[in-house]
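Computed from a predicted model, the values in this text were never measured in an experiment. Nothing fancy with the numbering, it's 1 onward along the sequence.
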Amino acid sequence: MTANVGNIDRTIRILAGIALIAWALMDGPVWAWVGVLPLATGLFRFCPAYSLFGINSCSLKK
């Protein structure tokens with residue numbers, strides 16, 4: 001897995017994921033557990049959808 005998620009994108013994903021999970025834990029809707037996905041992609045710096053569409057927001061050299 002090559003990193004394809006940049007720093008700003010990563011930060012946004014992690015914050016959004018944490019916010020959605022916190023909302024789900026505070027009796028929010030069940031669909032808020034979808035926050036696990038952006039949290040995981042932010043932590044691993046890899047997004048399968050980005051790979052599929054050839055998108056790369058990471059500025060790291062290969």
Side-chain angles (χ1 to χ4, degrees):
M1 286 188 320
T2 305
N4 63 3
V5 176
N7 289 333
I8 295 172
D9 193 3
R10 181 182 189 201
T11 303
I12 293 169
R13 287 170 184 261
I14 291 172
L15 293 175
I18 290 171
L20 284 168
I21 292 169
W23 186 24
L25 289 171
M26 294 187 297
D27 292 330
V30 173
W31 64 263
W33 283 106
V34 76
V36 170
L37 295 174
L39 180 61
T41 58
L43 291 175
F44 291 117
R45 299 186 67 108
F46 178 77
C47 178
Y50 275 15
S51 288
L52 185 64
F53 294 112
I55 300 170
N56 187 352
S57 67
C58 186
S59 61
L60 294 177
K61 306 241 180 195
K62 291 183 178 178

Below 3.5 Å, can you tabulate the donor-acceptor pairs from side chains in residues 6-21 to any protein atom, sequence neighbours excluded?
unit_1 : atom_1 : unit_2 : atom_2 : d
N7     : OD1    : R45    : NH1    : 3.2
N7     : OD1    : R45    : NH2    : 3.4
D9     : OD1    : R13    : NE     : 3.0
D9     : OD2    : Y50    : OH     : 2.8
D9     : OD2    : S57    : OG     : 3.1
R10    : NE     : G42    : O      : 2.8
T11    : OG1    : N7     : O      : 2.9
R13    : NH1    : T41    : OG1    : 2.9
R13    : NH2    : Y50    : OH     : 3.3

Result block: side-chain N/O donor-acceptor pairs under 3.5 angstrom for residues 27-37, not counting sequence neighbours:
none

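Between C58 and A3, the shortest heavy-atom contact is CB-O, 4.0 Å.
By the side chain to side chain donor-acceptor pair (under 3.5 Å) test, N4 pairs with S51, sequence neighbours left out.
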